[in-house]
Number of protein chains: 2
Amino acid sequence: MSDNGIEAVKLDGTGPVYDQIRRAIRDLVLNGAWPPGTAVPPEHALMERLGASRMTVHRALVQLAREGLITRRRRSGTIVANPPASHAMLDILSIPDEVRQLGQDYSFEILSRRDGRPSPEVAASFELKRSEQVAHLVTLHRSGGQPHVLEERVIHLATVPATAAERFETTPPGDWLLQHSLWSQAEHAISAVAAGERESGLLEIEQGEPCLLVERRTWNQNQPVTAVRLLYPGGRHRFIGRFGPYGAV
Amino acid sequence: MSDNGIEAVKLDGTGPVYDQIRRAIRDLVLNGAWPPGTAVPPEHALMERLGASRMTVHRALVQLAREGLITRRRRSGTIVANPPASHAMLDILSIPDEVRQLGQDYSFEILSRRDGRPSPEVAASFELKRSEQVAHLVTLHRSGGQPHVLEERVIHLATVPATAAERFETTPPGDWLLQHSLWSQAEHAISAVAAGERESGLLEIEQGEPCLLVERRTWNQNQPVTAVRLLYPGGRHRFIGRFGPYGAV
DNA sequence: ATTTGCTAATTGCATATGCAATTGTCTAGC
DNA sequence: GCTAGACAATTGCATATGCAATTAGCAAAT
């Protein structure tokens with residue numbers, strides 16, 4: 001190829017041209033063909049390649065920049081941006097970062113791990129098919145030595161095959177996944193539950209104490225990536241978000 | 001005025017012209033000068049009024065439309081949109097709607113109301129100054145006759161003076177506020193707490209049961225509008241949101 | 001070696017222009 | 001009165017063009 005994979009940019013002929021260009025490039029970024037840091041071809045190159053005017057190409061790129069997928073600078077050109085770490089309240093957040101932001105020491109411990117077909121209980125609780133191969137991990141995160149949050153997670157081995165070889169000795173599963181997989185959609189649910197027998201022991205709280213339960217499932221291009229259940233001791237934690245009526249501020 | 005308040009559109013001379021236009025119109029919408037339903041002048045009129053080309057005006061309007069502030073239709077023109085009712089998980093949501101969406105009958109009851117300077121307890125719990133005049137309301141919302149959520153709210157009388165004359169006989173305070181005030185920013189906090197003595201009685205649950213506590217404060221142009229604390233019986237409720245790494249889906 | 005300045009690549013912005021698509025509104029005919 | 005059709009207003013999209021702003025990279029000067 002002459003420069004980058006400019007040949008990979010293909011229009012589908014449906015809808016406005018500027019939007020075809022926008023979607024074509026967006027897809028290349030989202031499916032990993034153009035990883036962060038990749039140079040996006042300059043407007044003139046795309047213009048010739050696609051037979052569109054510069055203004056039309058420009059419009060597509062400006063929009064992608066506003067969406068945060070690419071970064072543009074005069075003369076330097078356009079590069080694929082790093083995915084944003086945090087978006088409003090409930091993003092895929094890094095628990096180590098969260099803890100360190102509070103000025104506490106962070107540590108974690110994998111309490112159990114099992115790879116393969118899920119047990120009936122796990123399958124039911126995460127809405128999996130029993131035929132899907134997953135890694136099932138239970139992790140306790142600590143903040144200043146105290147239990148901070150209890151994490152139970154399944155990772156889909158078909159989507160993230162590198163999981164099988166990873167021991168999670170230095171990086172907890174959530175952070176490792178952020179580096180080794182992409183996600184395009186997530187679903188969150190928040191509820192309040194009472195700590196059960198096992199959870200209360202691990203989190204060192206009283207049985208029946210209120211806890212905040214955050215359940216999150218993540219997909220990339222409709223392929224499931226991971227599902228996680230985070231149990232926070234209630235009194236000690238809150239999630240905060242700030243936004244305006246027309247979107248995040 | 002000839003048509004609408006087209007004279008109200010004023011550029012501030014800072015930054016790109018299209019963005020000056022965008023901000024000028026956005027501000028008119030956000031501060032209520034152009035309430036929902038108002039006809040935005042057509043592109044040609046703005047173009048003449050502002051001395052910009054049609055494409056430049058167009059660019060500003062297209063962007064506002066994408067942000068959801070205005071709605072555009074060929075031939076009919078452009079009108080100011082209704083503020084979105086729900087944005088991802090934690091929007092300003094209408095509790096009646098929420099209940100009816102579950103197919104239940106909705107009713108509510110104002111348990112107490114007091115207007116004037118806040119008591120020391122209320123001031124502390126909502127972080128108010130004791131000199132601020134507020135209405136303080138406690139409301140119980142019911143779903144199919146059962147307690148659904150307990151609401152405690154203060155409304156700033158200086159920002160929403162119409163509150164003083166409103167009896168909240170047919171519309172609960174949250175919904176009434178949506179119709180009689182604007183907001184430009186909100187802050188949410190979610191946490192899990194155990195039901196106290198008073199709350200458990202009102203919500204008809206056991207004392208100590210886990211509840212989801214949603215605290216929200218709302219401002220319009222840096223003026224406080226309202227602060228509310230919603231207590232949901234834990235087992236029965238969860239908040240759900242769905243989005244991608246680059247924003248809401 | 002360091003600085004200084006030039007050049008060219010690249011994006012940002014605005015304009016003028018033309019045509020397409022949608023749809024209120026009005027009119028002519030029945 | 002009602003309908004079909006013509007007309008015009010309005011937005012949507014794309015192009016061509018020109019200039020401004022930024023800056024990487026190179027060349028010249030010290």
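The structure displayed is predicted, hence computed values, not measured ones. Numbers restart at 1 for each chain; the letters A, B, ... are given by sequence-line order, proteins then strands.
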- Task: Output every pair passing salt bridge (charged side-chain N to carboxylate O under 4.0 Å, His left out) with a member in residues 153-162 of chain A, not counting sequence neighbours, ordered by first then second residue.
- Result: A:E151-A:R153
- Task: Using only side-chain N and O atoms of B:S76, determine if any of them is under 4.0 Å from OP1 or OP2 of C:dT23.
- Result: no
- Item | Interatomic distance, A:E43 CD vs D:dT22 C1' [rounded to whole Å] | 14 Å
- Task: Mind calculating the distance between CD (B:Q63) and P (D:dG12) to the nearest angstrom?
- Result: 14 Å
- Grab the CZ-C1' distance between B:R59 and D:dC13 for me, whole Å please. 15 Å
- Phosphate OP1/OP2 of C:dT11: any A:T78 side-chain N/O under 4.0 Å: yes
- Euclidean distance, atom CZ of residue A:R66 to atom C1' of C:dT11 [Å, nearest integer]: 15 Å
- Message: Tell me the interatomic distance from B:M47, atom CE, to C:dA16, atom P, rounded to whole angstroms.
- Response: 7 Å
- Which comes earlier along DNA chain D counting from the 5' end, the contact point of A:V57 or that of B:H58, where each point is its nearest nucleotide? B:H58
- Using whole Å, report how far CD of A:E48 lies from C1' of C:dT10. 14 Å
- Message: For the CG atom on A:N31, are there more than 12 heavy atoms of other groups (residues, nucleotides or ligands in this structure) within a distance under 6.0 Å?
- Response: yes
- Task: Indicate whether OP1 or OP2 belonging to C:dG12 is found under 4.0 Å from a side-chain N or O atom of A:R72.
- Result: yes
- Task: Starting from C1' on C:dA14, measure out to CG on B:L50 and report it in whole angstrom.
- Result: 14 Å
- Sorted by chain and number, sequence neighbours left out, salt bridge (Lys or Arg N to Asp or Glu O under 4.0 Å) with A:R142 holds for A:E109
- Query: At under 4.0 Å between heavy atoms, what does B:G51 touch on the DNA or RNA strands: base, sugar-phosphate, or nothing?
  - Reply: sugar-phosphate
- From the options C:dT15, C:dA9, D:dT10, select the nucleotide whose nearest atom is closest to the side chain of A:M55. C:dT15
- If you take atom types as modelled and just measure distance, does the side chain of A:R54 reach the base of C:dG12 with a donor-acceptor pair under 3.5 Å? yes
- Message: Given D:dA24, D:dT15, C:dA14, identify the nucleotide with an atom nearest to the side chain of A:R75.
- Response: D:dA24
- Task: Could you tell me whether the phosphate oxygens of C:dT15, OP1 or OP2, come under 4.0 Å of any side-chain nitrogen or oxygen in B:T56?
- Result: yes
- Query: How would you label the contact of B:R73 with the nucleic acid (heavy atoms, under 4.0 Å): base, sugar-phosphate, or nothing?
  - Reply: sugar-phosphate
- Does a salt bridge link A:E67 with A:R26, judged by any charged N lying under 4.0 Å from a carboxylate O? no
- Message: So, applying side chain to side chain contact (heavy atoms under 4.5 Å, CB included) with A:L46, which one of A:I21, A:I25, A:T56 is it?
- Response: A:I25
- Under 4.0 Å between a side-chain N or O of B:Y18 and OP1 or OP2 of C:dC13? yes
- Task: Starting from the 5' end of DNA chain C, give me the residue, B:R74 or B:D19, whose nearest nucleotide shows up first.
- Result: B:D19
- What is the distance from CG of A:L46 to C1' of C:dA9, rounded to the nearest Å? 15 Å
